[in-house]
Student: 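Can you read through this structure? Questions will come right after.
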Amino acid sequence: KKVRTLTLKDAMALIHANYGLGESADALFMRATQVMIDFYNEEVELKDGVLDFLEYCRSQGVKMCIASATAPDLIELALVHCGIETYFSKIFSCGTIGKGKSEPDVFLLAADFLGEDITNTWVFEDSLVAIETAVKIGMPTVGIYDRFNFGQEKIREIATEYIDRGETLMKLVR
């Protein structure tokens, strides 16, 4: 539970310190980074309906950016691999600003960049911690089911909208 809100570097340092995995925290971080590079560059896939939703948003003039706990270079790999790099005007990363999604900073930076009040800036998330943070500061949220993330029932309960398994983001348009 402790690593869920940490940057990857901090998470690997904690795991090394507590469990002695890896030769060092830096070595563990480098290995985890390589695994992520390979995944984002070769395996990551869009959830069903994402491309249609992004295209719809673009056609409506919706400005979009990314606020993620993932490092910007890894995000860029994933965007290119999935062919959606042109939909987003900027990437904000928790690692770059030094605060995880348990703090609102990355969401506030994104809203400011988009030129919108936080009450008009939607956060799309599959992370309970991130949804809780966004809700706490008054941002509307779309919770997105992900079988790998804990707290789906709580996300469904507190998110403004929820995309369940078998549903797509196009549910928001229809």
Student: What closest approach, in Å, do G151 and L128 show between heavy atoms, and which atom pair accounts for it?
Tutor: CA-CD2, 4.0 Å
Student: Would you say CG of N120 has more than 12 non-hydrogen atoms from neighbouring residues, nucleotides or ligands within 6.0 angstrom?
Tutor: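 Yes, the 6.0 Å shell around CG holds more than 12 heavy atoms from other groups.
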Student: For the CZ atom of R31 and the CE atom of M36, what is their distance to the nearest 0.5 Å?
Tutor: 12.5 Å
Student: Looking at every non-hydrogen atom in both residues, tell me the closest pair between F107 and A67 and how far apart they are.
Tutor: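 Looking at all heavy atoms of both residues, the closest pair is CD2-CB, 4.3 Å.
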Student: Taking the side chain as everything from C-beta on, heavy atoms only, tell me whether H81 gets closer than 4.5 Å to Y40.
Tutor: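 SC-SC contact between H81 and Y40 ruled out.
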Student: Check whether any side-chain heavy atom of F29 sits under 4.5 Å from a side-chain heavy atom of T33, and report yes or no.
Tutor: yes
Student: Would you say the side-chain atoms of T141 pair up with the backbone N or O of T160, donor to acceptor, closer than 3.5 Å?
Tutor: yes
Student: Taking CD in Q34 as the centre, count heavy atoms belonging to other residues, nucleotides or ligands within less than 6.0 Å. Is the count above 12?
Tutor: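 More than 12 within 6.0 Å, yes.
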Student: Could you list all the salt bridge (charged side-chain N to carboxylate O under 4.0 Å, His left out) pairs where at least one residue sits in residues 125-147, not counting sequence neighbours?
Tutor: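 Matches after skipping sequence neighbours: K47-D146, K101-E125.
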Student: Is it true that D117 and T119 share a donor-acceptor pair across their side chains at a distance under 3.5 Å?
Tutor: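 Yes, D117 and T119 have a side-chain donor paired with an acceptor closer than 3.5 Å.
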Student: For the atom pair SG (C94) and CG (D105), what is the distance rounded to the nearest 0.5 Å?
Tutor: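 One gets 8.5 Å once the value is rounded to the nearest 0.5 Å.
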Student: Quick one, K9 with D26, criterion side chain to side chain contact (heavy atoms under 4.5 Å, CB included). Give me CA distance, side-chain angles, the key distance, then yes/no.
Tutor: CA-CA 8 Å; K9 189 169 187 75; D26 284 340; 3.3 Å; yes
Student: If you define the side chain from C-beta out and look only at heavy atoms, does anything of T168 sit under 4.5 Å from D52?
Tutor: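 Answer no - side chains too far apart.
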Student: Please write out which residues are connected to F148 in a hydrophobic cluster, directly or through intermediates, given that two of Ile, Leu, Val, Met, Phe, Trp, Tyr count as joined at side-chain heavy-atom separations below 4.5 angstrom.
Tutor: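 So far as hydrophobic clustering goes, F148 is joined with none.
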Student: To the nearest 0.5 Å, tell me how far F39 CZ sits from L77 CG.
Tutor: 12.0 Å
Student: Roughly how far, to the nearest 0.5 Å, is the NE2 atom of H16 from the CG atom of L14?
Tutor: 11.0 Å
Student: Is it true that V123 and I158 fall in one hydrophobic cluster, defined by side-chain heavy atoms closer than 4.5 Å?
Tutor: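 The answer is no; the residues belong to distinct hydrophobic clusters.
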Student: Might you point out which heavy atoms bring G143 and I131 nearest each other, and give the distance in Å?
Tutor: CA-CD1, 3.9 Å
Student: Check whether more than 12 heavy atoms from other residues, nucleotides or ligands sit under 6.0 Å from atom CD of E116, and answer yes or no.
Tutor: yes
Student: Determine whether L109 and I137 fall in the same hydrophobic cluster, where Ile, Leu, Val, Met, Phe, Trp and Tyr are linked whenever their side-chain heavy atoms lie under 4.5 Å apart.
Tutor: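 L109 clusters together with I137.
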Student: Would you kindly say whether Y162 and E157 are connected by a side-chain donor-acceptor distance under 3.5 Å?
Tutor: no
Student: Answer with yes or no whether the hydrophobic clustering places L28 together with I37; edges join I, L, V, M, F, W, Y residues whose side-chain heavy atoms lie under 4.5 Å apart.
Tutor: yes
Student: Linking Ile, Leu, Val, Met, Phe, Trp and Tyr through side-chain heavy atoms less than 4.5 Å apart, which residues share a cluster with L169?
Tutor: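 Once heavy-atom contacts under 4.5 Å are chained together, L169 belongs with L46, V50, L51, F53, L54, Y56, V62, M64, I66, I75, L79, I84, Y87, F88, I91, W122, F124, V142, I144, I163, M170, L172, V173.
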Student: Using modelled atom types only, decide if a donor and an acceptor are shared between the side chain of S93 and the backbone of T70 within a distance under 3.5 Å.
Tutor: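 Checked: pair present.
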Student: In this structure, are over 12 heavy atoms from other groups packed under 6.0 Å from R58 atom CZ?
Tutor: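 It does: R58 CZ has more than 12 such atoms within range.
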Student: Got a sec: does the NZ of K63 have more than 12 other heavy atoms crowding it under 6.0 Å?
Tutor: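 Yes, NZ of K63 has more than 12 neighbouring heavy atoms, counting only those of other groups under 6.0 Å.
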Student: Please give me the minimum heavy-atom distance between N149 and S127, naming the atom from each residue.
Tutor: ND2-N, 4.0 Å
Student: For A13 versus A25, what's the shortest heavy-atom pair and its separation?
Tutor: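 Looks like CA-CB, 3.6 Å.
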Student: Linking I/L/V/M/F/W/Y whenever their side-chain heavy atoms sit closer than 4.5 Å, directly or via other members, would V3 and Y19 fall into one cluster?
Tutor: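 Linked, V3 and Y19 end up in one cluster.
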Student: Would a single hydrophobic cluster contain both V106 and L108, if residues Ile, Leu, Val, Met, Phe, Trp and Tyr are joined by side-chain heavy-atom contacts under 4.5 Å?
Tutor: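 Yes; V106 is reachable from L108 via cluster members.
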Student: For A111 and I118, which heavy atoms make the closest approach, and how far apart are they?
Tutor: CB-CG2, 3.9 Å
